[in-house]
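Working notes, structure below.
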Amino acid sequence: MTQLQLIRDPDCALCKLCATADKICQMGFGNPRANVMVVSKMSNSDAWQTELESQLSDVGVDLDDVYWSQAIKCRTFDQDASNADIKACRTYLDQEIEQVKPKFILALGNEALLATTGRSGITKYRGRIHDRPDGIKVIPTISPSAVKRSPGQLPGYYADLRLFVNQVLGRKSGIRKPRYAIIDDREKLDILKRTLPRVKDFCFDIETVDDYYQKTGKIVSLSATCVLDDGKLFVFALPLYHPESPWRKRWKAVLEYLKPELEALERVTAHNGSYDVKWMRWHGIRMRFTFDTMLALHLLNENIQKGLKPACQARLGVEPWGIDTKYLLDKPLLAILEYNVLDTWYMYHLKLQVVEELAAQPMLVKVFKFVMMDGVNDLVDSEMRGIYIDVERLIERTPIAQAKLEEIEADVLEKAGLQKDGRLLTPDQPDGVEDWPVAKVLKTRGPVYSTPNLNASNFAKWMLFDHCGLPIISRGKDKPDGSPGDPSMAEDVMLELRSSHPVVQPMLDRVEWQKMLSAFLLPYAELYDEDHRIHTNFKMAGTVTGRLSSGKNDEDKISVGKGKVRGVNLQQVPRNPFIRGLFGAPPGWSFVECDYSQIELRIAAFLSRDPTMLQLYRMGADIHKSTAATVLGIPESQVSKDDRKKAKAVNFGFVYGMGWKKFIETAFTKYQAVFTEEEAKAVREAYFRQFDGLLPWHGRQRNLVNKYGRVQSPLGRIRHLPDIYSPDKEVRAEAERQAINSPVQSFGSDLAVMSMVEINKRFRKLGLAGHCVGLVHDAVNYEIRNDCLREALPIIQDTMEDMSRLERRFGVHVDIPILADIKVGTRWGDARELTREEVHDWAA
DNA sequence: GCAGACTGCGCG
DNA sequence: AAAGCGCGCAGTCTGC
């Protein structure tokens, strides 16, 4: 003990915390020879310590064998510890570890994770075993205080604690490992082929190298845990492309051999099956899958980690398993097969659990089936098909944008009074002048540009705020060391400075062109395939509300730039026809976009029961126009197009709880509309007088989330909002606003997905040549062969607007009209909106 | 050279 | 009294 206390430095000033700490540099306590060290963020209060001890005791930790320590040795609640503070403090913890020599460390919270492993990101690393260079095993989990704030985290937290104690006691997991058949000769392959028709549930997983659409893409193995018609389990591993595999040269033929049986499977289960199914379809096996454990987990709790491994560890208490899948072909085949099998084995057990939980909530089962599973299977088609891009236009427009950008940048430098060819700012920059140039550039380790970097870089900030002398209106976040953040170059700031200096306007202009090039034109040029199509990756579990997210695969995010990697976000294609008009339909086909008209506002009317909104929608009135008239205090007939646009900001903002302050801000940045404080307050008041059902609805949602910690969409989708239990009232208020928005957004998005599924179904039934190429929250995009337009257009619009399926499936009666607008053209950006008559009489 | 934090901006 | 919501990605800078 004395030895340990010697580590302490009561005069420590390595970080800023000592300024407010009630006791500086406090060491840990407990058994100085313990096998187990528990590291918290700071020293715990007595109450916390008692609770923590009882939790650990619950799962079987011997409290006499524990040394209790902290990442931060100074205890203070007046300021937050930054990563730098934690790192500074590590010296004491390291010495403690050195002296105590524990075999296992339980790290509670991100601070403790950082202090014991040097890694940051507790949600990523929790529940995994980290081997320190000194041989000590660290198991991180979330902090007990996070669990207090979010009681939904409790099961996962306890699972991590159990994993920890199992490691300490050398215990194995609850689920025994399976025996499985390795299909490595013709006879076994035939047995498999004969067995597949008896399979009632096929829980499968594949191991792969590279991407499915590349020539180098191979399926290394396929495994499944199968439930047979007699209820027995059959587990197999089929080696495919691997140096040690008997099928290494015939792996595609093997798949082809099993194709009829695989395609006939009744129930197919996978974890993130979109991935596996894409591979199978690419290799000619037209599989649909019926149960995705990842999507089920997401539906049950949108806030938790959805990976197979963390989920199984948390729910089944199994030990971490797995191999490094990076250079799969160099790994021993048997290890791969074992890993592959375990994935399916645990997936099967996971499914047993989640099926039970879903079954207890019949509404969720329907969302799962009709929105998620139906949706994800159709989205796989859309992703694989891709969206057609007009390569000629792309090639033509890219240099236009580049030239425009160069021109603007030259203008910027000229207006700033700088030379255009580099960092030299004034002629004959003498050495030692305290200016931007060489000295400062060389001090930073970033790239040294031959031309100035006018993005929000140090150079640009120097140019605007030092060289041109613009006032600093707002700054970014404070630096970790407490110094003030960098001056902001955000759009609203620039807009405000526009009149102060001629350099500002071209700076504003260049942002738009820079973004177009770097975020759209250049990536598109890299990503289109030989059929001139661009592919995205839709995630059904990518958002907390049930919306889809779109973009690259997670794995691909790292390797982007190292070659052609698929995946572009098709939900953020600029509305500007210069970009949006690049997408469209191939020759002979048309691009059709059908989007719900003001869907979220209609849903807000439906849910809030606001009489005025309901009335307006039932009359077919233009609610944005009406709002414009109300807030501007003018008759509707005098509302201009611009006024209507402003009213959109009003509607969408106020419906979800925006205050007058934020309203002034968004009205200015988004619509260049200037409101004074009084005007903004008056507008807000007028708005809620006009729609006097909205605030009571907000109140109802607030009550619900306060009472239950969650809210539900009309279809039963649940949004868990544990932040409502936060001691911080701003955090609670945020949860309340989310409680208002969530059911609306959720319902709207489920409507769009179900419409897509139904449209696809009807197209298939009628044999129409029309394919969904994307879904943008409240809009579906289709490519339709021209000769099918006549039949297809009314189907699309009618299906979108038809709410009778909802009534039949969910018993939800939508009592206001839901309308969808339809646009047809050869290109997305150029498409023309059709009247109802035109939709139903396209031939003309 | 990589990873993470942060800003800023594209979409609904 | 005050409070929009939901995403993904490019780019910069910093720490290691």
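Throughout, a chain's letter reflects where its sequence line sits, starting with A, and its residues are numbered from 1.
Among the protein residues, A:S749 comes within range of no part of the nucleic acid, since none of its heavy atoms lies under 4.0 Å from any strand. Across all strands shown, A:F663 has no heavy atoms under 4.0 Å from either base or sugar-phosphate atoms. Using a 4.0 Å heavy-atom criterion, one finds that A:V744 contacts no nucleic acid atom at all. Here A:K662 lies in heavy-atom contact (under 4.0 Å) with sugar-phosphate atoms only. Note on A:V573: only backbone sugar-phosphate atoms sit closer than 4.0 angstrom, heavy atoms only; bases stay farther off. Within the nucleic acid shown, A:S742 has no heavy atom closer than 4.0 Å to any nucleic acid atom. When heavy atoms are screened at a 4.0 angstrom cut-off, A:R580 is found touching the sugar-phosphate backbone but no base atom. Using a 4.0 Å heavy-atom distance criterion, A:A490 is classed as a sugar-phosphate-only contact. When heavy atoms are screened at a 4.0 angstrom cut-off, A:V511 is found touching the sugar-phosphate backbone but no base atom. Among the atoms of the strands shown, only primed sugar atoms or phosphate atoms (P, OP1, OP2) are found under 4.0 Å from some heavy atom of A:Q738. As judged by a 4.0 angstrom heavy-atom cut-off over every strand, A:E734 is placed among residues touching the sugar-phosphate backbone only. Note on A:M489: only backbone sugar-phosphate atoms sit closer than 4.0 angstrom, heavy atoms only; bases stay farther off.
For A:E730, the CD atom is loosely surrounded, since the number of other residues' heavy atoms within 6.0 Å does not exceed 12.
Taking each heavy atom of A:L295 and A:A541 in turn, the nearest pair found is CD2-CB, 3.8 Å. In plain terms, the two heavy atoms of A:A680 and A:F663 that are nearest each other are CB-CD2, 3.9 Å.
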Can you run through DNA chain C from 5' to 3' and write each base as (, ), [, ], | or . depending on how it pairs? Watson-Crick or G-U wobble, both distances under 3.5 Å.
....||||||||||||
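The residue among A:K729 and A:R737 whose nearest nucleotide of DNA chain C lies closer to the 5′ end is A:K729.
Residue A:S550 has no polar side-chain atom (N or O) positioned under 4.0 Å from OP1 or OP2 of C:dC7. For the pair A:S488 and B:dG8, the criterion of a side-chain N or O lying under 4.0 Å from OP1 or OP2 is met.
For A:Y524, the side-chain hydrogen bond (donor to acceptor under 3.5 Å, both in side chains) test picks out no residue, with sequence neighbours left out.
Going from atom CE of A:M658 over to atom P of C:dG6 covers 13 Å, rounded to whole Å. In this structure, A:F583 places its CZ atom 13 Å from P of B:dC11, rounding to the nearest Å. The distance between atom CD1 of A:I579 and atom C1' of B:dC9, rounded to the nearest whole Å, is 14 Å. The distance between atom CG of A:L454 and atom C1' of C:dT12, rounded to the nearest whole Å, is 14 Å. In this structure, A:K461 places its NZ atom 11 Å from C1' of C:dG11, rounding to the nearest Å.
Counting only distance, with no hydrogens or angles, the side chain of A:Q712 and the backbone of A:P743 share no donor-acceptor pair below 3.5 Å.
Judged by distance alone with a 3.5 Å cut-off, a donor-acceptor contact links the side chain of A:R547 to the base of C:dG6.
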